[in-house]
Amino acid sequence: KRGCVLVGADGVRGFLPVCSLSTEHEPRVGSNEKDESHQRLNVLIGQTLKVRILECDRKANKLIFSEKEAIKDGLSARFEKLTVGDSVKGVVTGVVDFGIFVNVEGIEGLVHISEISWERVNNPNDYVKVGQTIDAKIIAIDKDRLSLSIKQLTQDPWMTEVDQFKPGDKVEGTVTRITPFGAFIQISPAVEALVHVSELGGGDDADPEKVFTLNERKEFVVLDIEKDSRKISLSLNNKAKK
């Protein structure tokens, strides 16, 4: 049956929906990785699982199990021992477009893509692999899931590197992104700044794509630094303006 695992209990067969598998066993893959999902489910063949009966209908010959419900009592006790701010170890159980699923002693955790690294993350697969043990920090505790962060275990390099700049400084940077409202410029390994379209000399009607080319280096002037919002505003150096 699609989306289920066939389970035998005391000679009686029933279905265990994939969504009711424990954090340890539920396959977590991207939408385009169905084959990998099936492979991970095949690993369960022959294993003994602790399950609880969710539904039993003799007339319809229907028996539904849940592994999550069977271990829920034990998980409650584990949740009580955890607090926001704790550092924990967990095993990566799945990597998807929006983040990383982690098994923390049977409790499901999620590291959102925005909490993987201080740098911009395009593909979580570049940072971890399934089965890898990682360290993470608990940043929120929901009803049945932990919100985790990898990057918050280390100091934000942006806050250190930004101290080398001040308004009025001339800086050199590389164009990393071009948008209708301006261009993003890398002025140090961890610090990216914005040249707003209004600073290009042609008002709001200026076209950033005509002024900038991806990966080119230009000279700029620091206009403003907002540490609380992690924003730096730049202007094209007069000598560099077209």
Side-chain angles (χ1 to χ4, degrees), residues 30-33 84-85 87 92 95-102 110-129 132 134-140 147-242:
S31 57
N32 298 321
E33 299 174 299
V84 172
S87 295
V92 176
V95 183
V96 293
D97 295 341
F98 57 84
I100 302 165
F101 285 99
V102 184
L110 174 66
V111 181
H112 188 266
I113 189 171
S114 63
E115 291 294 334
I116 294 174
S117 174
W118 290 111
E119 63 185 11
R120 189 187 310 113
V121 177
N122 295 316
N123 185 359
N125 278 295
D126 294 336
Y127 293 82
V128 298
K129 300 299 179 186
Q132 179 180 339
I134 65 168
D135 294 308
K137 179 180 179 179
I138 299 175
I139 56 176
S147 292
L148 304 172
S149 174
I150 296 174
K151 74 179 188 182
Q152 291 189 34
L153 290 177
T154 59
Q155 184 177 2
D156 182 357
W158 192 94
M159 298 304 291
T160 301
E161 293 181 16
V162 75
D163 287 338
Q164 66 185 293
F165 306 109
K166 63 181 183 297
D169 283 354
K170 292 181 180 180
V171 297
E172 192 174 84
T174 302
V175 179
T176 56
R177 287 183 288 164
I178 302 173
T179 72
F181 57 82
F184 288 90
I185 313 298
Q186 200 82 37
I187 58 176
S188 77
V191 177
E192 195 175 58
L194 172 67
V195 183
H196 192 266
V197 64
S198 62
E199 295 295 331
L200 301 184
D204 290 340
D205 294 329
D207 186 353
E209 291 190 352
K210 293 182 179 179
V211 179
F212 300 105
T213 302
L214 280 178
N215 299 318
E216 75 171 324
R217 291 188 67 79
K218 280 181 174 290
E219 192 174 68
F220 304 89
V221 176
V222 177
L223 294 179
D224 188 38
I225 299 175
E226 300 177 27
K227 283 190 174 182
D228 291 342
S229 56
R230 291 169 54 91
K231 292 182 180 179
I232 296 183
S233 300
L234 302 177
S235 175
L236 272 172
N237 186 10
N238 288 332
K239 295 179 181 181
K241 286 184 179 180
K242 295 184 178 181

I want to check something: taking the side chain as every heavy atom from C-beta on, are Phe220 and Leu236 in contact at a cut-off of under 4.5 Å?
yes
List the atom of Ala206, the atom of Val197, and the distance in Å for their closest heavy-atom pair.
O-CG2, 3.2 Å
Could you check Val211 against Val195 for side chain to side chain contact (heavy atoms under 4.5 Å, CB included), going step by step and ending with a plain yes or no?
CA-CA 11 Å; Val211 179; Val195 183; over 6 Å; no
Show, in sequence, the C-alpha distance, side-chain angles and deciding distance for Asp135 and Ser87, and conclude whether the side chain to side chain contact (heavy atoms under 4.5 Å, CB included) test is met.
CA-CA 7 Å; Asp135 294 308; Ser87 295; over 6 Å; no
Using atom types as modelled and distance alone, determine if a side-chain donor or acceptor of Asp169 lies under 3.5 Å from a backbone N or O of Val171.
no
Are any non-hydrogen side-chain atoms of Leu148 and Ile138 less than 4.5 angstrom apart?
yes
Can you confirm whether Pro167 sits close enough to Ile225 that some side-chain heavy atom of one is under 4.5 Å from a side-chain heavy atom of the other?
yes
For a 4.5 angstrom cut-off between non-hydrogen side-chain atoms, does Leu234 reach Leu194?
no
Scanning both residues in full, the closest heavy-atom pair of Val96 with Pro124 reads O-CG, 3.4 Å
Taking only residues two or more places apart in sequence or in another chain, which ones pass salt bridge (Lys or Arg N to Asp or Glu O under 4.0 Å) with Glu161?
none
Working to the nearest 0.5 Å, report the span between NZ of Lys210 and CG of Leu200.
12.5 Å
Can you sort out the partners of Ser117 under side chain to side chain contact (heavy atoms under 4.5 Å, CB included), two or more places apart, ordered by chain and number?
Glu119, Val121, Tyr127
Any donor and acceptor pair, going by atom type alone, linking the side chain of Ser235 with main-chain N or O of Val221 inside 3.5 Å?
no
Which residues pass the salt bridge (Lys or Arg N to Asp or Glu O under 4.0 Å) test with Lys231, not counting sequence neighbours?
none
Value rounded to 0.5 Å, distance of CD in Glu192 from CH2 in Trp158:
11.5 Å
Taking Val191's backbone N and O only, do any of them form a donor-acceptor pair with Ser188's side chain (distance below 3.5 Å, no angle check)?
yes
First locate atom OG of Ser147, then atom CD of Glu115, and finally report the distance between them rounded to the nearest 0.5 Å.
9.0 Å
Within the structure provided, determine whether Ile178 and Leu214 are in side-chain contact (heavy-atom separation under 4.5 Å).
yes
Validation row: Lys137, Thr154 side chains within 4.5 angstrom (heavy atoms)
no
Considering residues, nucleotides and ligands other than Gln132, do more than 12 of their heavy atoms fall under 6.0 Å from its CD?
yes
When you measure from the side chain of Lys129 to the backbone N and O of Val95, does any donor-acceptor pair fall under 3.5 Å?
no
What distance separates Ile185 CD1 from Thr176 OG1, expressed to the nearest 0.5 Å?
6.5 Å
Atom of Val111, atom of Val102 and distance for their closest heavy-atom approach:
CG2-CG2, 4.1 Å
Gap separating the CZ atom of Phe184 from the OG1 atom of Thr174, nearest 0.5 angstrom:
15.0 Å
To the nearest 0.5 Å, how far apart are NZ in Lys166 and CD in Gln164?
10.5 Å
